[in-house]
2 protein chains.
Amino acid sequence: MMQGQAEQRESGSTRVAESLAMAIHEHRLSPGMKLSEDEVGEIYGVSRTVVRAALQQLAHDRLVELKRNRGAFVAQPSVKEAREVFEARALLEPRTAKSAAERATPEDIKVLQNHIDEEHEALEAGDTGRALHLSGMFHIEIARIADQTTIADFITQLVSRSSLIIALYWQRRTALCESHAHDALIKALARHDGAAAEELMQHHLLDLLTSLDLRDQPSVPRSLKEALN
Amino acid sequence: MMQGQAEQRESGSTRVAESLAMAIHEHRLSPGMKLSEDEVGEIYGVSRTVVRAALQQLAHDRLVELKRNRGAFVAQPSVKEAREVFEARALLEPRTAKSAAERATPEDIKVLQNHIDEEHEALEAGDTGRALHLSGMFHIEIARIADQTTIADFITQLVSRSSLIIALYWQRRTALCESHAHDALIKALARHDGAAAEELMQHHLLDLLTSLDLRDQPSVPRSLKEALN
DNA sequence: TGCGCTAATTTTGTATACAATCTCGTAAAC
DNA sequence: GTTTACGAGATTGTATACAAAATTAGCGCA
């Protein structure tokens, strides 16, 4: 009966959620921006029902914040939240990179190399949004290689939030994140050097964190109301 | 205008979700059981709309599994998933316990002690469901004390899933989890001994894991259909 | 009896309708 | 001129109605 492509067509809400998430990752939607249900629904040609489901998904990933009876807003991670996200990543990712190094197949390495290549391309093309997105995908891919679905899901969420954090707290004066950390990582993975991968990941995350400007200015509120509410 | 208790009354879907989660934690709902939208809605006196929202929340926490066009089922974590959950906990909780030990106030210790006392009470009363739930709350409370909201959220999710895993894979022949590990932990926290807390937590999680029967029997399917689908 | 097909029933997915709440502009009072 | 109160408009929360898909039951046939 060969059921051919098991392609279980994804539900409408997931499609909308993914599209919105992409827009947030690429910084086309800024933190604090309001996501009106009617507006979003009209854009995607779906009813408020599916928009609400999509927004709820995104809220659970902390990409949007739902305020009761007020609607959905692109999240504005506080400085504390930003630190917490990177502390969580520091706990999860180095060890996961180690596991990945021990398990990586040549195919895995190729996929990762593709990510890096595309990342460099986007960077040279000046498309920093896309470059940042691909940079995040690199981290997620490593978790996938480690064959730790649960941890990979957490890292996916953390990378998403990191994108938002970078949008808010990036110091543009710093040299771009093109620190070749990913190149070094992929080399360690290719030669199955778990210890090196673990350490490289740890330092990479620390570099990322210190490249942010995390002094206590809980983001610039757009209005007095937002500040006090 | 002093708005007094900021008690933002929670939405209907969260209420339903929390009630269902509690039922799952206390093993009143078994893994694999179907949660019909109409049925759940009738029980709580709400429409399918809010039930669907609640189920989506629970699905995101991996407490229920949503199958497209087929409905919601209480999740049946596989053996692999069970291992993954405990590996994730092994990465997150020991360090968090260390942080908690360094920050714990006397009030924090008191709250934890209450948890333990209630846990022992429930155990003596033979209410293992409640005991297990309180045992989980103990871990979550430690993450809260560490003042790491992000990690605390992850641990909350992992503890939830652990409850399901225990329901599926617990070996009843093993001596009950009343291994006094929590007593030792609270003592380490009380004297701000971070290193001890970290190590105790690590061993505690390992003990938990080894007390499960994780041989490759992906749970007993109720029917042939479930096995093949 | 056992298998396969079709149709009725049930259940989920989505859209729409109504109710509750908030926002914001206007105007009156101090 | 500033503040407060009120109400129209807009937005979200929930319920219901309809469409699409799956499950189930019944029937015919080998």
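The figures that follow rest on heavy atoms only: side chains count, while hydrogens, waters and symmetry mates do not. Numbers restart at 1 for each chain; the letters A, B, ... are given by sequence-line order, proteins then strands. Everything numeric in this text was worked out from a predicted model, so none of it was measured.
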To the nearest Å, give me how far apart OH (A:Tyr44) and C1' (C:dT14) are. 18 Å
Is a donor-acceptor pair below 3.5 Å formed from side chain B:Arg48 to base C:dG13, judging by atom type as modelled? yes
Rounded distance in Å - CD (A:Glu42) to P (D:dT11): 11 Å
Is B:Ser13 touching bases, backbone alone, or none of the nucleic acid, heavy atoms closer than 4.0 Å? nothing
Under the criterion side chain to side chain contact (heavy atoms under 4.5 Å, CB included), which of B:Glu93, B:Gln148, B:Arg95 is the partner of A:Leu91? B:Arg95
Looking only at the side chain of B:Val46 (C-beta and beyond, no hydrogens), which of the listed nucleotides C:dT14, C:dG13, D:dA15 gets closest? D:dA15
Starting at the 5' end of DNA chain C and moving along, which residue's nearest nucleotide shows up first, B:Thr49 or B:Asp38? B:Asp38
Rounded to the nearest angstrom, tell me the gap between atom CG in B:Leu55 and atom P in C:dT12. 9 Å
Looking at B:Arg103 and B:Asp108, is any side-chain nitrogen of the basic one under 4.0 Å from a carboxylate oxygen of the acidic one? no
Grab the two heavy atoms, one from B:Pro31 and one from B:Leu168, that are nearest each other, plus how far apart they are. CG-CG, 3.8 Å
Nearest to the B:Val50 side chain among C:dT12, C:dA15, D:dA15, which nucleotide is it? D:dA15
Rounded to whole Å, please give me the gap between CZ in B:Phe73 and P in D:dA22. 13 Å
May I ask you to evaluate whether A:Arg52 reaches the phosphate of D:dG13, defined as a side-chain N or O under 4.0 Å from OP1 or OP2? yes
Between C1' on C:dT23 and NZ on A:Lys67, what's the gap in Å once rounded to a whole number? 14 Å
Shortest non-hydrogen contact from A:Phe86 to A:Leu205? CD2-O, 4.3 Å
In whole angstrom, what separates B:Arg68's CZ from D:dA19's C1'? 13 Å
Distance check needed: C:dT10 P versus B:Leu35 CG, whole Å only. 20 Å
Atom pair distance, as rounded to whole Å: CZ in B:Arg70 and C1' in D:dT23: 10 Å
Mind telling me whether B:His182 and B:His139 have parallel, tilted or perpendicular rings, with 30° and 60° as the class edges? perpendicular
Side chain of A:Ser47 (C-beta onward), nearest among C:dC22, C:dT14, D:dT14: C:dT14
Taking the side chain of B:Lys34 as heavy atoms from C-beta outward, which of C:dT11, D:dA15, C:dG13 is closest to it? C:dT11
